[in-house]
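Input: a single structure, listed below in structure tokens.
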Amino acid sequence: MIVWINGTFSAGKTSTARELTGILPDSTLFDPELVGDALRLLLPPKRLAEVTDYQDLPSWRRLVVDTAAAMLAEVGGVLVVPMTLLRQDYRDEIFGGLAARRIPVRHVLLAPAETILRERIATRVEPGAPEDADLRVRRWAYDHIPVYQEALGWLTGDAHVIDNGLLTVRETAERIAEAVRSETARVCDIVQTPEPTRETVAAGVLLFDEQDRVLLVDPTYKAGWEFPGGVVETGEAPARAAVREVAEELGLVLDRTPGLLVIDWERPQHPGYGGLRLLFDGGHLSDEAAARLRLPGPELRAWRFATEAEAAELLPQHRYERLRWALRARERARPLYLEAGVPTG
């Protein structure tokens with residue numbers, strides 16, 4: 001398993017992680033900052049200049065998952081990972097990738113008071129000239145305190161929280177070890193979606209409110225919003241799969257077979273294999289029906305109705321293109337065939 005120690009800069013993650021590896025049997029330290037250091041050497045300067053944080057690189061997030069999985073396959077036991085994750089979509093992507101490999105994650109948040117954080121930032125010793133350390137490290141750490149405070153809403157609901165403001169490093173590590181042993185720090189509740197090994201067929205359903213806005217859902221296991229739906233199982237008709245997924249994800253039983261809007265061929269793009277993506281028209285939901293929607297906690301975090309313009313901001317580009325043409329097909333009452341989001345024929 002993985003014990004992921006989260007917290008903002010100067011919360012004490014790395015020192016605690018080192019101490020924890022001496023307490024938990026068969027544990028190994030994995031610092032994802034090393035992946036960022038490698039990418040700084042491997043990626044072209046032009047690409048690096050496009051981001052301010054290596055966490056914004058999809059390759060970093062992917063490599064963290066792959067490296068953690070490879071290390072556990074190599075040494076087994078417990079992997080202790082000290083790494084700040086303040087964006088929930090990045091947490092979803094990384095933890096979801098680990099869950100897909102059947103690797104349980106126990107998420108721990110070190111949360112000292114802000115006054116203690118600021119004192120630690122001000123007094124920590126950094127390599128290099130003091131003026132450079134102030135600019136390069138301390139300013140960065142101070143600037144991330146508001147980001148951390150904004151993230152506390154989802155962090156405290158997701159992680160086992162330890163206020164280590166008045167604890168020594170050893171005491172903090174012992175608290176984590178006890179929380180792991182007693183399972184007070186529970187395995188992160190996130191759906192396990194195995195990565196495909198071949199092309200897949202997936203079916204989604206567009207549902208509309210009385211203002212003709214489309215229903216979107218926010219998965220816990222991948223970045224970006226999505227349509228209700230999922231992968232078609234072996235021997236299952238796509239329309240029936242769409243109806244089944246809506247019932248499983250939203251607690252909504254459709255009273256009719258939905259009509260087809262688009263078939264979109266999605267090209268292979270590592271690590272995915274691509275395949276066919278179908279969208280069906282599930283019709284309108286009354287306000288009463290919408291109020292009865294229920295989400296499965298491990299799989300979906302939230303739902304909302306969105307206009308087409310709002311959906312363009314919420315959906316990844318390829319999903320938005322699929323939605324855009326599905327809405328045009330709905331207006332014209334004629335299904336469309338797409339290839340990579342572009343109509344053909």
Side-chain angles (χ1 to χ4, degrees), residues 1-6 17 24 26-32 35 55 57-109 151 154-161 176 179-180 183-198 200 202 204 217-233 244-245 248-250 269-273 275 295-303 316 319:
M1 71 173 173
I2 286 176
V3 177
W4 193 290
I5 303 178
N6 203 348
L24 288 179
D26 299 321
S27 59
T28 305
L29 179 69
F30 166 45
D31 190 345
V35 177
Q55 291 196 7
L57 295 166
S59 55
W60 179 83
R61 303 191 296 274
R62 175 70 185 180
L63 284 170
V64 167
V65 174
D66 289 345
T67 306
M71 288 185 65
L72 282 173
E74 186 81 20
V75 301
V78 178
L79 210 59
V80 179
V81 182
M83 190 70 229
T84 298
L85 281 179
L86 301 183
R87 284 189 51 165
Q88 193 172 18
D89 54 341
Y90 290 175
R91 169 269 186 198
D92 293 347
E93 185 177 344
I94 293 171
F95 286 18
L98 293 167
R101 290 162 172 78
R102 302 297 188 261
I103 300 172
V105 179
R106 298 186 187 272
H107 188 192
V108 176
L109 175 69
W154 71 266
L155 279 172
T156 53
D158 186 85
H160 177 72
V161 181
I176 296 175
V180 170
E183 298 191 351
T184 307
R186 296 170 296 159
V187 171
C188 191
D189 192 16
I190 191 165
V191 71
Q192 296 181 345
T193 305
E195 290 191 351
T197 57
R198 56 181 174 79
T200 56
V217 294
D218 185 11
T220 61
Y221 54 91
K222 62 181 176 181
W225 289 68
E226 180 62 282
F227 321 109
V231 174
V232 178
E233 297 178 355
R244 172 182 56 78
E245 288 284 349
E248 291 176 359
E249 293 184 352
L250 301 173
Q269 185 173 354
H270 185 77
Y273 285 79
L295 299 180
E299 188 169 355
L300 299 177
R301 182 186 305 111
W303 64 267
R319 289 183 207 145

Nearest heavy-atom contact between Leu98 and Ala68 is CD2-CB, 4.1 Å
Could you tell me which non-hydrogen atom of Gly229 sits nearest to which non-hydrogen atom of Glu249, and how far apart they are?
-> O-OE2, 2.8 Å
Spacing of CG belonging to Leu250 relative to CG belonging to Leu300, to within rounding of 0.5 Å | 7.0 Å
Within a strict 4.5 Å, meaning less than it, do heavy atoms of the Arg319 and Glu226 side chains meet?
-> yes
For His160 and Ala179, which heavy atoms make the closest approach, and how far apart are they?
-> NE2-CB, 3.6 Å
Shortest non-hydrogen contact between Leu29 and Ala17, atoms and distance | CD1-CB, 3.6 Å
Relative to each other, are the rings of His107 and Phe95 parallel, tilted or perpendicular (30° and 60° limits)?
-> perpendicular
Pairwise distance OG1(Thr84) to CD1(Ile5) - rounded to 0.5 angstrom = 11.0 Å
Do NZ/NE/NH1/NH2 and the carboxylate oxygens of Asp92 and Arg61 come within less than 4.0 Å?
-> no
Please determine which of Leu155, Asp158, Asn6 meets the side-chain contact (heavy atoms from CB on, under 4.5 Å) test together with Leu85.
-> Asn6
Intermediate values then yes/no, side-chain contact (heavy atoms from CB on, under 4.5 Å), Ile94 and Trp60 = CA-CA 10 Å; Ile94 293 171; Trp60 179 83; 3.8 Å; yes
With side-chain contact (heavy atoms from CB on, under 4.5 Å) as the test, would you mind laying out the steps for Arg91 and Trp154 before giving the verdict?
-> CA-CA 11 Å; Arg91 169 269 186 198; Trp154 71 266; 3.7 Å; yes
Assess whether side-chain contact (heavy atoms from CB on, under 4.5 Å) is satisfied between Arg106 and Val187, documenting all intermediate values.
-> CA-CA 5 Å; Arg106 298 186 187 272; Val187 171; 3.7 Å; yes
Of Val80, Val75, Val35, Leu72, which meets side-chain contact (heavy atoms from CB on, under 4.5 Å) against Phe30?
-> Val35
What is the minimum heavy-atom distance between Val64 and Pro32, and which atoms define it?
-> CG2-CB, 3.8 Å
With Trp303 via ring pair (Phe, Tyr, Trp, His ring centres under 6.0 Å) - residues at least two apart | Phe305
When you look at Arg101 and Asp66, which way does the side-chain contact (heavy atoms from CB on, under 4.5 Å) test go after all the steps?
-> CA-CA 10 Å; Arg101 290 162 172 78; Asp66 289 345; 2.7 Å; yes
